[in-house]
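Here is the structure we will look at.
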Amino acid sequence: MSNFIPGQPLIAVVLRIEIKKLRQGDNLILGFSIGGGIDQDPGQNPFSDDKTDKGIYVTRITPGGPAEEADLRMGDKIMQVNGYDMTMMTHDQARKRLTKKNEDVVRLLVTRKSLEEAVKHSMGSYPRQ
Amino acid sequence: MFCRNQTARATVARGSALEMEIRRGKFRKSVFLDTSQDSDIQKKIDHEIRMRDGACKLLAACSQKDQALEAAKSLQTCSTRIMAYMSELQRMKEAQVMQKVTRRSSDAGPMDDRLPCKGKVAISDLRIPLMWKDTEYFKNKGELHRCAVFCLLQLGGEIFDTDMVIVDRTLTDICFDNTIVFNEASPGFEMRVELYSCCSEDDYSAGSTPRKLASKLSSSLGRSAGKKFRAAMEPGPCSPVSNGGATPLLLPVPSVPGPKYHLLAHTTMSLSHVQDSFRTHDLTISGNEECSYWLPLYGSMCCRLAAQPRCMTQQMMSGCLKVKQLGGDPQSWTKVYAVLKGTSLFCYHRQEDVEANVEPAFTIAINKETRIRASEKDPQSKVQNICISNQYGGEEVTHTLTTDSREDTHRWMEAFWQHFYDMSQWKQCCDDLMKIELPSPRKPAPLTPKQGSLYHEMVIESSDDLSSTVSDILARRMQELELRSQLGTSPTWMSLFEENNPKSACRPRPCTSRLSGHSPCTPHRLPRSPASPHRCPQLSLLSSDASLTSDSDSHCSTSPCFHRHGWPEPSPNFSLLSSSPSRLRPRTLSLDAKLSTLQGRGYRGGGTLQCLCQSPPSLLHGPLPVSSRSPRSQRSTQTTLSCSSSTSSNSSSNSEGRHSPESSDGAPFSRPSPARRSLRNLRARLDPRNWLQSQV
């Protein structure tokens with residue numbers, strides 16, 4: 001969760017997570033909840049470091065769901081979904097992008113604080129933006 | 001300076017201002033010798049006269065108010081410039097004559113008077129506050145009394161004008177954005193700032209005549225008026241005829257129909273006003289309330305007046321020296337290439353370092369506290385040393401310089417003396433280098449109002465409306481990427497998209513525009529993945545351009561189609577929302593359409609399946625986290641009213657919703673019924689205090 005300046009290119013260390021949607025009757029389930037969005041109040045996001053970050057965060061993982069199997073964690077910030085950027089999305093847009101009927105699999109790029117720490121420690125001087 | 005043994009004849013252009021003056025006996029031709037300065041000024045005068053004539057013609061010919069005001073401004077500027085040049089010419093002539101006289105009478109003594117170096121003076125960010133009566137300021141009715149104003153700045157022989165600004169009672173200050181730089185200013189400069197204004201309401205008649213009379217006059221031209229105008233149209237030499245021989249200088253401002261500027265206020269600035277920050281200066285106001293060009297000035301002017309003397313910006317002296325620090329080893333002379341500039345003497349190891357921008361070996365401060373003296377002759381080399389003493393902190397540090405010859409030493413001493421003199425003359429400008437921003441090459445002044453209407457701003461700001469440009473950009477990128485694509489085989493999931501195309505074609509909601517819109521949609525999605533670094537280990541560095549890609553999504557998710565189709569029936573097929581006829585939508589939506597899309601979006605929220613609040617209790621602080629829809633949907637009064645009036649019911653209904661999914665443990669992914677969902681979602685979304693969470 002490096003400093004995010006809207007409109008400027010962003011560099012982040014991300015993790016690829018592939019979630020296969022689970023079919024439950026008519027619905028395709030991913031098994032997690034998201035919070036945040038550019039139309040939301042970022043100060044109420046308990047997971048973000050930067051309280052002005054209006055990105056999409058994973059707020060809950062349903063136990064036993066596809067997201068948990070794919071090792072998505074609570075507090076992850078979703079950067080991309082199937083190639084579409086999620087850092088500048090309204091909440092609704094983000095939700096829709098994740099719940100497309102015609103997509104059985106979502107490939108997420110997520111970032112989490114522990115990742116950045118790990119990279120920083122392993123690389124020594126991490127070129128932070 | 002003229003040379004007495006050279007006979008040169010000045011060539012005076014026929015019909016020029018100078019010729020007229022000669023004819024009128026004001027200058028004897030014999031006095032004219034072809035010095036370069038004279039011919040320069042003469043050329044400038046001729047140029048300005050031509051400009052003035054052009055402005056007169058333009059003024060007479062143009063019909064639009066803006067053009068007329070600009071032309072009148074140029075006319076005023078040209079007239080002022082001509083006046084200045086003529087007076088300078090006269091002064092030069094007089095000086096030459098005086099010099100001739102004095103040279104004969106007395107011996108030219110040693111030129112003791114030092115002249116300080118010249119410098120650049122820049123004035124920028126001119127702001128003149130206005131003081132409208134509060135009744136005037138808040139008046140909404142009645143015509144707006146508008147004036148066109150501009151500033152003329154004069155320093156030495158240079159005259160510049162600022163851009164014209166239209167002022168009416170909605171402005172609190174007159175601001176001129178120009179930066180004006182005068183290049184040849186001496187420390188004793190006097191810069192005259194004049195504010196000219198012209199009422200920009202009247203019909204353009206000569207002078208400020210009452211309207212009825214003005215219209216009568218403009219339609220009929222009497223013999224004498226006609227003669228005057230004709231005379232005004234023709235170039236310079238004829239105009240003095242109409243003026244009589246009274247004025248010593250050639251300066252009738254031809255009376256042409258059109259706006260005329262009057263002097264509203266003026267002030268003079270000098271070295272004492274120079275500072276590296278903004279300062280307020282007093283204005284002397286001429287004119288009173290009765291004048292048509294009157295503006296209620298507060299009486300002061302703010303600006304930034306900066307000066308860069310040459311001694312601060314240029315190398316005053318450079319050469320090779322040998323430097324030794326006092327108290328050091330008597331034989332430890334360091335050979336340096338020294339450059340005197342600004343407040344220091346930079347000593348470089350080699351001359352090439354100066355151009356190469358290498359840091360100097362050391363720097364000796366040369367400022368007001370420095371003391372320089374020549375020491376006694378060195379018994380060995382018979383050359384005087386120069387001692388430079390500075391106070392660094394509490395200590396006095398002395399450097400000794402020596403050169404190779406007496407002439408060099410003398411030149412260096414002379415340079416130091418000149419530098420000190422310059423610093424004493426330019427005073428506060430030599431403490432630190434003041435920044436002067438050179439004005440960038442001027443673009444032609446746009447005659448359109450600088451502020452667009454709020455309407456335009458609103459449309460552009462919305463992310464939705466960039467969709468068609470974004471889709472164009474994406475199409476281009478896609479082509480680029482296809483060319484550049486390194487992929488041998490496409491990833492397996494890409495077949496998903498191809499397969500899905502026919503699926504999308506048989507959507508229960510037939511909408512041809514949407515279908516055609518959808519297929520261009522999908523190809524857009526394809527390059528997204530090849531774009532991102534793939535075939536890499538899990539941890540990868542990603543750069544993404546946030547604003548661009550989000551727009552690509554938005555056009556898929558919003559659609560004015562909803563407006564056309566009315567209320568979409570709440571169906572579980574929420575993916576309907578994802579297609580849109582991007583190509584068919586016009587580039588900019590009208591405000592109405594925009595509001596209706598927002599409205600549609602708001603209603604569509606009712607049709608979604610997503611419930612909220614599956615968040616663990618630990619996250620809940622305060623009211624239930626629900627989202628706020630955009631507050632711009634003013635049309636959806638029904639929903640906003642319901643939101644504001646029933647926040648308590650909001651939370652209660654939400655809690656209902658929350659408990660029901662949680663209670664049914666067996667099916668943690670089930671969703672509440674559509675009807676309750678729609679109302680609850682809507683209310684929840686419209687409450688701005690909450691942080692919405694959705695389950696996917």
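We name chains A, B, ... by the order of the sequence lines, and we start the count at 1 in each one.
Results of the side chain to side chain contact (heavy atoms under 4.5 Å, CB included) test with B:Val696 over A:Arg95, A:Lys21, A:Arg97, A:Lys96 single out A:Arg95 as the only residue that passes.
Heavy atoms closer than 4.5 Å to chain B are found in the side chain of A:Leu98, but not in its backbone.
Here the CG-CG distance, from B:Leu692 to A:Asp41, works out to 12.0 Å after rounding to the nearest 0.5 Å.
The nearest pair of heavy atoms linking B:Trp691 to A:Gly35 is CZ2-C, 3.6 Å.
The number of heavy-atom neighbours closer than 6.0 Å to NZ of A:Lys20, taken from other residues, nucleotides and ligands shown, is 12 or below.
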